[in-house]
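By convention here, the first residue in the shown sequence is residue 1. Numbering of ligands and ligand atoms starts at 1, following listing order. Values reported hereafter were calculated over all heavy atoms of this structure, with side chains retained and with hydrogens, waters and symmetry mates removed.
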Amino acid sequence: MKYLKSVIALFLVVVLLSCTDQGSPASSGINAPADKTLAQAAKFKIGCAVSVDLLRTNAAYLGLANKEYNSMTAENAMKFDAVHPEQATFNFSDADHIVNTAKGTNKRIHGHALIWHQALPDWVTNFQGDSAAWENMFKTHITTVVNHFKADITSWDVVNEAFEDNGSLRNTLWRQKLGPDYVARAFKYANEANPNCKLFYNDYGTEYSSAKLTAVINMVNDLKRRGIPIHGIGSQMHTHINHSNTMINSSLQQLASTGLLIHISELDIRTNTANLPTATYSPTVEKALADKYKYIAQTYGKLPSVQQFGITLWNIGDADSWIVLWLNQKDWPCLFNDKYERKMAYNYFYSGIQ
Ligand code: 9MR
């Protein structure tokens with residue numbers, strides 16, 4: 001009997017731990033009403049970055065994507081390799097699926113991303129040609145993609161991640177082949193293709209690297225001085241629970257001092273900062289995650305409302321996070337758990353965006 005009781009007790013402990021480990025919807029002091037959504041609560045747009053495969057195959061995922069948000073970004077489907085797989089071939093079928101999904105529930109669609117050093121097809125990395133041929137290829141890509149979505153996409157991440165964390169201009173293929181001023185020309189070409197589009201420079205790390213923050217602000221101010229059409233800055237905010245709140249606040253304030261629109265464009269928050277395979281989603285971690293989400297939401301909410309383009313969450317549930325799927329790390333960075341249930345982080349974020 002005593003043995004049986006111990007076995008049952010052990011079983012209960014294991015069940016309890018495994019629930020916590022998956023980020024169960026723990027109760028907390030703050031609870032969002034079950035019948036309300038992020039889009040309804042927020043003073044600004046709330047977006048999600050979506051995978052076209054999951055929209056097509058996972059009903060719970062599609063349900064949340066449809067219901068909770070009023071802006072949508074393609075996680076991958078509008079990147080160079082997805083839409084322009086061969087020099088003479090554009091393929092917009094996945095991207096169009098996302099556009100149609102978003103339009104079905106009247107969401108804003110934010111374009112991501114025209115020029116980046118990653119997600120390039122082989123034909124671009126192997127491209128042979130003089131500087132005029134490179135310029136033509138670069139311009140053709142921007143013009144064709146912006147044009148294709150002209151009716152539905154009114155904002156684009158034009159250049160993504162042009163700086164290193166130390167503030168130097170990243171030595172990408174684009175920079176090597178087109179020269180350091182390629183950033184300005186990308187904005188110019190995008191504006192020529194759709195003069196009604198809000199054009200963003202998008203980067204990560206401005207909340208932890210002051211060198212990068214300064215470099216981004218200097219570049220943006222330089223572009224503005226030169227009359228280059230740039231309208232917004234995306235602060236990706238792939239952050240983690242230990243990043244300093246003071247830095248997060250100060251970086252957003254400094255970015256806003258440019259006068260441009262500010263988009264927290266790829267928000268997620270890592271908890272397993274040392275990338276330990278033994279990490280667990282303990283109540284302490286759960287609360288730290290929730291507090292950080294709330295802090296970021298409230299801090300963003302203090303920016304001038306005319307500059308609030310919105311907050312986009314990068315991925316929906318923990319199981320579809322790029323940190324888990326792409327970096328292959330054990331973590332719980334999202335607002336929903338791997339069963340697409342609201343986490344404590346959801347409730348705290350919800351209270352922060354009001
Ligand atoms: O989440 C995206 C992942 O699925 C892709 O494999 C990867 C490469 O295309 O890009 C990830 O998204 C990135 C975004 O486009 C730009 N900022 C960093 C994001 C996370 O790496």
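One finds the CD atom of E75 at 6.5 Å from the OG atom of S51 (value rounded to the nearest 0.5 Å).
Salt bridge present: E135 and R185 bring a charged side-chain N and a carboxylate O closer than 4.0 Å. With respect to the salt-bridge test (charged N to carboxylate O, under 4.0 angstrom), the residues E68 and K36 do not qualify.
Between W326 and ligand 1, at least one pair of N/O atoms sits closer than 3.5 Å. Between W116 and ligand 1, no pair of N/O atoms sits closer than 3.5 Å. For a threshold of 3.5 Å applied to N or O pairs, the pair formed by W314 and ligand 1 contains at least one separation below that value. For ligand 1, the polar-atom distance check finds an N/O of E266 within less than 3.5 Å of one of the ligand's N/O atoms.
The atoms of ligand 1 that sit less than 4.0 Å from any heavy atom of N160 are 16 (C). Numbered from 1 in the order shown, with element, the atoms of ligand 1 that lie under 4.0 Å from a heavy atom of Q236 read 17 (N), 18 (C). Remark: ligand 1 atoms within the under-4.0 Å shell around heavy atoms of N76 are 2 (C), 3 (C), 4 (O), 5 (C), 7 (C), 9 (O), 10 (O). In the vicinity of W322, heavy-atom distances shorter than 4.0 Å reach the ligand 1 atoms 1 (O), 20 (C), 21 (O).
The protein heavy atom nearest to atom 1 (O) of ligand 1 is E75 OE2, 2.5 Å. Counting protein heavy atoms only, atom 9 (O) of ligand 1 is closest to K79 NZ, 3.0 Å.
Ring geometry for W134 versus F127: interplanar angle over 60°, hence perpendicular rather than tilted (30 to 60°). Taking the six-membered ring for Trp and thresholds of 30 and 60 degrees, F80 and H141 have nearly parallel ring planes, at less than 30 degrees apart.
Stacking of R108 on the aromatic ring of F309 is recorded, both the 6.0 Å distance cut-off and the 45° axial limit being met.
Atom NZ of K45 has more than 12 heavy atoms from other residues, nucleotides or ligands within 6.0 Å.
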